[in-house]
Protein chains: 2
Amino acid sequence: MDAIHAFEHLPHKTIERLSQYRRALLICLEEGKSHIFSHEIARIQHITPVQVRRDLMLIGYSGTLRKGYNIEQLIELIGEIIDSEEMIKVAVMGLGDLGHAILNYFNGKRSKLSIVAGFDVNPKKIGTVFNGVPCYPVEQIQEIINRENISIGIITVPAKQAPVTAGRLIKAGIKGILNYTPTPIQVPEDVYLEEYDMITTLEKLAFYVKLANDKNKL
Amino acid sequence: MDAIHAFEHLPHKTIERLSQYRRALLICLEEGKSHIFSHEIARIQHITPVQVRRDLMLIGYSGTLRKGYNIEQLIELIGEIIDSEEMIKVAVMGLGDLGHAILNYFNGKRSKLSIVAGFDVNPKKIGTVFNGVPCYPVEQIQEIINRENISIGIITVPAKQAPVTAGRLIKAGIKGILNYTPTPIQVPEDVYLEEYDMITTLEKLAFYVKLANDKNKL
DNA sequence: GTAAGTTTGTTAAAAAGTTAACAACGCAAA
DNA sequence: TTTGCGTTGTTAACTTTTTAACAAACTTAC
Ligand SMILES: NC(=O)c1ccc[n+]([C@@H]2O[C@H](COP(=O)([O-])OP(=O)(O)OC[C@H]3O[C@@H](n4cnc5c(N)ncnc54)[C@H](O)[C@@H]3O)[C@@H](O)[C@H]2O)c1
Ligand SMILES: NC(=O)c1ccc[n+]([C@@H]2O[C@H](COP(=O)([O-])OP(=O)(O)OC[C@H]3O[C@@H](n4cnc5c(N)ncnc54)[C@H](O)[C@@H]3O)[C@@H](O)[C@H]2O)c1
């Protein structure tokens with residue numbers, strides 16, 4: 001299909017925004033709305049209406065003049081683009097506070113993404129089931145990842161353990177890693193990596209807050 | 001001072017990377033290194049050496065030829081740029097799993113940023129102290145934020161409570177908000193806002209994993 | 001002491017991402 | 001009708017961000 005080819009070349013930022021649009025659209029749908037204007041989506045996402053229209057143009061979706069976009073259809077189309085046909089399965093490495101928060105938050109939210117396993121070294125956690133997700137010992141990682149066909153790993157172990165944990169995930173054949181520890185990790189180029197550290201976000205925020213403060217003092 | 005003026009116009013991405021460089025540099029310092037090359041920093045951060053050099057050029061830091069950058073000095077300079085002179089104080093709204101993870105993780109990591117208060121509605125949590133951070137009832141938000149001179153709020157309440165919580169923070173005079181719930185919020189333009197949703201990151205990851213999969217199948 | 005090899009600093013070019021501008025359209029009110 | 005307004009789709013301009021290119025400088029090896 002031609003469309004699949006096109007979606008390959010969607011800008012990275014557009015992919016992110018599509019996910020965000022869908023999240024917002026799902027809420028609107030729940031609230032009983034059937035249509036939405038570009039400027040409404042824009043306001044929710046803190047961007048410009050032009051950008052919304054441009055993104056939707058890129059995925060080939062057309063709205064109705066003066067009526068806006070059909071919410072249900074748009075959710076459907078975004079799903080066709082960013083979701084995969086089969087379920088994508090995810091494992092969480094390290095079921096501490098953050099790992100728990102993620103398990104709590106995540107499952108059930110998306111139909112094509114599911115956390116199916118947790119791994120830990122703490123004997124008290126191994127064998128327990130949290131929110132429907134069983135906790136396995138790290139030694140079984142290869143076995144479980146093969147058996148369940150898990151392709152994404154989330155790292156929430158103590159920072160020092162991040163590199164060795166990443167190594168295990170890679171060895172086990174994982175294709176994408178989301179690293180929530182502050183220790184950067186290295187991956188081969190066929191593994192997708194996202195790293196997020198709260199402190200970077202906070203420091204950025206603090207920088208701009210300070211800047212605004214300094215300006216007001218003048 | 002002239003330099004302060006210049007730092008105002010640093011690219012947003014550079015600010016983010018400076019925070020990341022510092023994080024990496026602190027680790028290197030601990031490991032006993034005294035100097036580092038641009039390509040080493042680049043490798044840790046998964047970017048190019050040119051970009052590192054460019055960022056450092058923008059902040060006016062010069063390395064030594066064939067010896068690289070002095071780690072201690074660079075950490076110091078990055079601090080002068082992105083940290084504020086006085087401590088920036090932070091409050092966490094909602095001390096559930098995620099709020100706890102943040103308290104656990106954060107305090108002590110940075111000298112100029114500190115979480116000094118938590119707020120919750122659960123009577124069992126109110127009055128407790130977690131990791132040195134007291135939990136107050138939300139009703140006292142105005143009082144505590146004024147008294148402690150808190151300027152940043154992190155939102156980790158249940159998603160539905162996000163907008164009302166944001167409203168309270170804004171009313172209390174907060175200047176920056178970091179929203180970790182999946183419900184987008186609205187803020188006046190003198191308040192800095194960052195929103196982060198794990199699902200967006202995961203969906204993006206899943207998209208590129210799928211893409212790579214599809215390519216391999218051809 | 002000279003040549004070869006590295007690494008920095010900076011300017012210039014390229015790429016990615018955002019915003020502006022506006023024609024086309026359709027609804028609503030006059 | 002017809003006029004005016006609000007909205008989409010799209011091209012073009014602009015801005016931001018990244019990458020390339022390369023001279024200058026220092027070190028080491030010969
Ligand atoms: N990025 C962020 O925003 C953010 C926020 C909070 C915490 N963190 C980071 O996330 C990580 C986890 O934080 P937390 O508060 O949940 O810590 P925690 O100590 O509560 O949890 C860590 C868990 O990992 C397990 N573990 C230890 N070694 C392991 C290994 N080798 N393999 C598998 N499991 C192992 C422990 O038994 C524990 O259950 C830390 O690195 C922390 O720095 C990041
Ligand atoms: N963005 C992410 O990556 C991510 C990950 C996990 C969870 N979350 C989100 O973070 C939020 C918190 O998650 P959690 O797992 O910690 O939930 P939780 O239920 O464990 O914690 C929520 C806490 O907020 C308190 N609370 C409820 N209403 C409040 C109010 N009006 N004011 C102050 N406190 C209030 C509750 O008493 C509870 O202690 C949720 O919205 C969840 O969707 C986000």
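- Dense packing is recorded around CD of A:Q186, with more than 12 heavy atoms of other residues, nucleotides or ligands lying under 6.0 Å away.
- The separation between A:R54 atom CZ and C:dC22 atom C1' is 15 Å, rounded to whole Å.
- Put simply, CG on A:L10 is 11 Å from P on C:dG17, counting in whole angstrom units.
- When DNA chain D is scanned in the 5' to 3' direction for atoms under 4.0 Å from non-hydrogen atoms of chain A, the outermost contacting nucleotides are D:dC5 to D:dA12.
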Steps toward side-chain hydrogen bond (donor to acceptor under 3.5 Å, both in side chains) verdict (B:E195, B:Y180): CA-CA 6 Å; B:E195 306 200 295; B:Y180 279 120; over 6 Å; no

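- Interatomic distance, A:I78 CD1 to A:D55 CG, rounded to the nearest 0.5 Å: 9.0 Å.
- One can place CD1 of A:I47 at 16 Å from C1' of C:dA20, the figure rounded to the nearest angstrom.
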Stepwise side-chain contact (heavy atoms from CB on, under 4.5 Å) test for A:T183 and B:R23: CA-CA 8 Å; A:T183 305; B:R23 187 187 56 193; over 6 Å; no

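- Looking at residues 197-204 of chain B, you'll see that no heavy atom sits under 4.0 Å from any atom of DNA chain C.
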Show me, pair by pair, the donor-acceptor contacts under 3.5 angstrom made by side chains of residues 157-165 of chain B, not counting sequence neighbours?
from   : atom 1 : to     : atom 2 : distance (Å)
B:T165 : OG1    : B:Q161 : O      : 2.7

Candidate pair B:T64 and B:Y69, rule side-chain hydrogen bond (donor to acceptor under 3.5 Å, both in side chains), full reasoning: CA-CA 6 Å; B:T64 312; B:Y69 303 95; over 6 Å; no

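- Judged as a ring pair (Phe, Tyr, Trp, His ring centres under 6.0 Å), and not counting sequence neighbours, B:H46 has no contacts.
- Remark: B:K33 NZ is packed, more than 12 non-hydrogen atoms of other residues, nucleotides or ligands lying under 6.0 Å away.
- With rounding to whole Å, A:H9 atom NE2 is found 15 Å from C:dA16 atom C1'.
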Steps toward side-chain hydrogen bond (donor to acceptor under 3.5 Å, both in side chains) verdict (A:D197, B:Y105): CA-CA 11 Å; A:D197 183 11; B:Y105 171 52; 2.6 Å; yes

Candidate pair B:F207 and B:L211, rule side-chain contact (heavy atoms from CB on, under 4.5 Å), full reasoning: CA-CA 6 Å; B:F207 176 80; B:L211 218 59; 4.0 Å; yes

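- Within a 6.0 Å radius of NZ in B:K109, more than 12 heavy atoms belonging to other residues, nucleotides or ligands are found.
- Taking 4.5 Å as the limit, some side-chain heavy atom of B:Y21 sits within range of a side-chain heavy atom of B:Q45.
- DNA chain D is contacted by no residue of residues 11-29 of chain A, taking any non-hydrogen atom closer than 4.0 Å.
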Intermediate values then yes/no, side-chain contact (heavy atoms from CB on, under 4.5 Å), B:R168 and B:Q142: CA-CA 8 Å; B:R168 285 181 183 135; B:Q142 179 85 56; over 6 Å; no

Distances under 3.5 Å between nitrogen or oxygen atoms of protein and nucleotides 3-7 of chain C:
from  : atom 1 : to    : atom 2 : distance (Å)
C:dG5 : N2     : B:R66 : NH1    : 3.4
C:dT6 : O4'    : B:R66 : NH1    : 2.7

